[in-house]
Protein chains: 2
Amino acid sequence: MSVDDLLRNHGLKKTTTRKQVLDIYLNTDHALAVADVEEALGDGVDRVTLYRTMGTFEEKGLLHKVYDDDGKLKFSLCSSDCSSHQHHDNHLHFHCRKCGKTTCIENVAVPEVEGLEGFDIQDVYMVANGTCKDCIQAA
Amino acid sequence: MSVDDLLRNHGLKKTTTRKQVLDIYLNTDHALAVADVEEALGDGVDRVTLYRTMGTFEEKGLLHKVYDDDGKLKFSLCSSDCSSHQHHDNHLHFHCRKCGKTTCIENVAVPEVEGLEGFDIQDVYMVANGTCKDCIQAA
DNA sequence: TCCTTAATGAAACATTGTTGCATTTAACTT
DNA sequence: AAGTTAAATGCAACAATGTTTCATTAAGGA
Ligand SMILES: [Mn+2]
Ligand SMILES: [Mn+2]
Ligand SMILES: [Zn+2]
Ligand SMILES: [Zn+2]
């Protein structure tokens, strides 16, 4: 889907910054932090605007949060059925300790949690840490 | 096990601050951030010392890191078989969005990850978010 | 008790994220 | 196409979290 369509479908105004940010995510295969996007845009856009842009994208279901080993916040594109009402990104994530990249493993679902009687589970986050394919091959 | 024994068994000097910090963790059933410990100690101990203390405890296998929903870093007591060589805290964690407490669910193991051929998985972190027992009862 | 090394305190700094307010711009109305 | 309005942006100031350097203090062994 195009950048313009994605923005319209999620009820967002079509601004220059939003189109640029979304374009970056569409052309990257791993999660990006605010600082990464800031660097990719090479100045010209205020840091605060990026924080607000990513926040809005997360609220509206365009991006979902990803945390790596060190609690560093990154964002990844959501699957097509995420909206402002609900996220459906219950897949595994992989964080490579060599290259630092965090990737969505869309085809591995987070397993159901058993044995937690008395708790109300809303969602489960799961991240595997280790060495990614690329870094193994490069070694 | 006593505070003194724990410190000795992990090869750590017995200082006032370390004993106080460890005592707090032994008497709390949920994970605590550096700021939480600082507040519990009520001044007198420098913030930097606490960061270093918790860092050392983590290295030596006395505490393990816990991240909640917002990437906030907390620490929890490790199971008895953690050491500076390796952590064995592969259990589920629960983060309550009402009270904010993060708890170790020692009796629920993190499931093995299937379907990740080509990756080298070192460890897996898993946290369930929702409402805890206490907050459900209080409602 | 003395000595050595590790632990601590203090200050300065870096990074990440938030808030208030003035200005600009997108989308809608006319 | 111009005008209107609410949302988005830029800027400055602030807050929270974490790190680094260096002088001082304290722990544990000799
Ligand atoms: Mn994902
Ligand atoms: Mn735990
Ligand atoms: Zn890698
Ligand atoms: Zn609760």
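The sequence lines fix the lettering, A, B, ..., with proteins before strands; numbering per chain opens at 1.
- Residues A/H30 and A/C104 are not in side-chain contact: their nearest non-hydrogen atoms beyond the backbone lie 4.5 Å or more apart.
- Rounded to 10 degrees, the angle separating the terminal helix axes of the helix from C/dT1-D/dA30 to C/dT30-D/dA1, each built from five base pairs, is 30°.
- Within the 4.5 Å cutoff, no side-chain heavy atoms of A/M126 are placed close to those of A/N90.
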Between protein and nucleotides 19-26 of chain C, what N or O pairs are separated by less than 3.5 Å?
{"residue": "C/dG20", "atom": "O6", "partner": "A/R52", "partner atom": "NH1", "Å": "3.4"}

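- A/K74 and A/T102 are linked by a side-chain donor-acceptor pair at a separation below 3.5 angstrom, with hydrogens and angles left out of the test.
- B/T56 comes within contact range of no nucleotide atom at all, as no heavy-atom separation falls under 4.0 Å.
- Between B/H93 and B/H64, the angle of the ring planes lies from 30° to 60°, which puts this pair in the tilted group.
- Atom-to-atom, CE of A/M54 to C1' of D/dA8 comes out at 16 Å; the value is rounded to the nearest Å.
- Between B/V108 and B/H91, the closest side-chain pair of non-hydrogen atoms is not below 4.5 Å.
- Nucleotide C/dT15 holds its C1' atom 11 Å from the CD atom of A/E38, rounded to whole Å.
- Both B/V34 and A/D46 lie close to DNA chain D; mapped to their nearest nucleotides by heavy-atom distance, the more 5′-ward contact belongs to A/D46.
- In this structure, A/Y51 places its OH atom 6 Å from P of C/dT16, rounding to the nearest Å.
- Atom CG of B/L50 is separated from atom C1' of D/dT19 by 15 Å (rounded to the nearest Å).
- With rounding to whole Å, B/F57 atom CZ is found 14 Å from C/dT8 atom C1'.
- If you take CZ of A/R47 and P of D/dA8, they are 20 Å apart, rounded to a whole angstrom.
- When heavy atoms are screened at a 4.0 angstrom cut-off, A/G11 is found touching no nucleic acid atom at all.
- With hydrogens and angles ignored, the 3.5 Å screen pairs no side-chain donor or acceptor of A/H87 with any backbone N or O of A/C78.
- Here B/K72 does not reach the OP1 or OP2 of D/dA16: none of its side-chain N or O atoms lies under 4.0 Å away.
- In this structure, the side chains of A/V124 and B/N129 stay at 4.5 Å or more apart for every pair of heavy atoms.
- When heavy atoms are screened at a 4.0 angstrom cut-off, B/R18 is found touching the sugar-phosphate backbone but no base atom.
- Side chains of B/F119 and A/F94 form a contact here, defined as non-hydrogen atoms less than 4.5 Å apart.
- Atom CZ of B/R8 is separated from atom P of C/dA6 by 20 Å (rounded to the nearest Å).
- In this structure, the side chains of B/L32 and B/Y25 come closer than 4.5 Å at one or more pairs of heavy atoms.
- Residue contacts for A/T53: at a heavy-atom cut-off of 4.0 Å it reaches the sugar-phosphate backbone alone, with no base atom in range.
- Using a 4.0 Å heavy-atom distance criterion, A/G71 is classed as making no nucleic acid contact.
- Under 4.0 Å is where a charged nitrogen must lie from a carboxylate oxygen, and between A/R97 and B/D123 at least one such pair does.
- Rounding to whole angstrom units, CD of residue B/E39 and P of D/dA16 are separated by 12 Å.
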